[in-house]
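To keep things clear, I will list the structure first and then write my remarks on it.
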Amino acid sequence: MAINKIGDVGAGYLAELLRTNRTLTDIRLRDNLVTDKGAEVLMAALKKNTTLEYLWLFDNKFTKDGVKKLKEFAKTRPNLDIKVCI
């Protein structure tokens with residue numbers, strides 16, 4: 001799903017899917033214009049979804065604070081590998 005420009009709206013749709021999907025294990029959202037707002041909705045959905053193992057968010061539009069929140073969230077889910085950078 002890399003380089004599709006889904007932005008925060010697309011991240012919201014993906015979050016809806018993640019709340020109920022129990023088979024998807026890997027999502028790579030590199031360079032999709034997702035901001036801190038999109039990351040927040042994804043993290044909220046991932047509190048319910050425990051099957052996702054990889055969430056790669058390289059090259060999006062996160063602030064330093066957004067990256068920090070994602071890294072802190074990752075610590076609560078040791079079986080979820082979240083990759084993120086500014």
Side-chain angles (χ1 to χ4, degrees):
M1 293 179 60
I3 315 171
N4 281 303
K5 300 180 183 174
I6 67 167
D8 293 336
V9 172
Y13 290 131
L14 183 58
E16 284 181 38
L17 173 94
L18 286 172
R19 285 184 180 89
T20 57
N21 185 291
R22 299 294 180 254
T23 56
L24 191 60
T25 60
D26 188 343
I27 299 175
R28 298 177 191 222
L29 295 175
R30 183 180 65 82
D31 197 12
N32 267 292
L33 305 175
V34 179
T35 70
D36 294 353
K37 181 179 177 182
E40 290 286 339
V41 296
L42 288 170
M43 286 184 285
L46 288 170
K47 290 179 181 176
K48 295 183 182 223
N49 179 306
T50 58
T51 57
L52 196 69
E53 297 173 3
Y54 302 98
L55 177 60
W56 291 12
L57 297 165
F58 294 113
D59 301 323
N60 280 285
K61 301 293 181 184
F62 304 121
T63 64
K64 288 182 182 181
D65 190 48
V67 170
K68 182 179 176 183
K69 287 180 183 179
L70 280 161
K71 289 182 177 184
E72 288 298 315
F73 177 77
K75 291 178 185 177
T76 69
R77 294 280 309 277
N79 61 334
L80 175 59
D81 182 18
I82 297 177
K83 301 283 191 216
V84 64
C85 65
I86 295 177

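For the single chain, residues carry numbers from 1 onward in sequence order. Fair warning: this is a prediction, and the values are worked out from it, not measured in the lab.
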Start with the C-alpha distance between Lys37 and Glu40, add both sets of side-chain angles, then the distance that settles salt bridge (charged side-chain N to carboxylate O under 4.0 Å, His left out), and finish with yes or no. CA-CA 5 Å; Lys37 181 179 177 182; Glu40 290 286 339; over 6 Å; no
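Using a distance-only test at 3.5 Å, with no hydrogens or angles considered, a donor-acceptor pair links the side chain of Asn49 to the main chain of Leu52. A distance-only check finds a donor-acceptor pair linking the side chain of Asn32 to the backbone of Met1 [under 3.5 Å]. No donor-acceptor pair under 3.5 Å is formed between the side chain of Asp81 and the backbone N or O of Glu53. Under a 3.5 Å cut-off, the side chain of Asn60 and the backbone N or O of Thr35 do not form any donor-acceptor pair. Between the Asp59 side chain and the Asp31 main chain, no donor and acceptor come within less than 3.5 Å of each other.
Both Val67 and Leu55 belong to a single network of hydrophobic side chains, linked directly or stepwise wherever heavy atoms of I, L, V, M, F, W or Y lie under 4.5 Å apart. In the hydrophobic cluster analysis, where Ile, Leu, Val, Met, Phe, Trp and Tyr join through side-chain heavy atoms closer than 4.5 angstrom, Leu80 is grouped apart from Phe58. Under the 4.5 Å side-chain heavy-atom criterion for grouping Ile, Leu, Val, Met, Phe, Trp and Tyr, Leu33 is not connected to Leu70 through any hydrophobic cluster. Following chains of ILVMFWY side-chain contacts shorter than 4.5 Å, one can reach Leu46 starting from Leu17, so the two form part of one hydrophobic cluster. In the hydrophobic clustering of this structure, Phe73 groups with Leu24; members are Ile, Leu, Val, Met, Phe, Trp, Tyr whose side-chain heavy atoms approach within less than 4.5 Å, directly or through other members.
For the atom pair CD (Glu72) and CG (Asp65), the distance works out to 10.5 Å, reported to the nearest 0.5 Å. The distance from the CG atom of Asp26 to the CH2 atom of Trp56 is 7.0 Å, given to the nearest 0.5 Å.
Residues satisfying the side-chain hydrogen bond (donor to acceptor under 3.5 Å, both in side chains) test with Thr50, not counting sequence neighbours, are none. For Lys68, the salt bridge (charged side-chain N to carboxylate O under 4.0 Å, His left out) criterion is met by no residue, not counting sequence neighbours. Residues meeting the salt bridge (charged side-chain N to carboxylate O under 4.0 Å, His left out) test with Lys61, sequence neighbours left out: none.
In this structure the side chain of Tyr54 never reaches within 4.5 angstrom of the side chain of Lys83, judged on heavy atoms. Contact of the Leu14 side chain with the Leu29 side chain is registered, since non-hydrogen atoms from C-beta on lie closer than 4.5 Å.
Closest non-hydrogen pair, Cys85 versus Phe62, comes out as O-CD1, 4.0 Å. Thr51 and Thr23 get closest at one heavy-atom pair: OG1-N, 4.2 Å. Between Leu42 and Leu18, the shortest heavy-atom contact is CD2-CD1, 4.1 Å. Nearest heavy-atom pair across Arg19 and Val41 is NH2-O, 4.2 Å. Of all the heavy atoms in Ile82 and Ala74, the pair that sits closest is CD1-CB, 3.9 Å. Minimum heavy-atom separation, Lys69 to Met43: O-SD, 3.8 Å.
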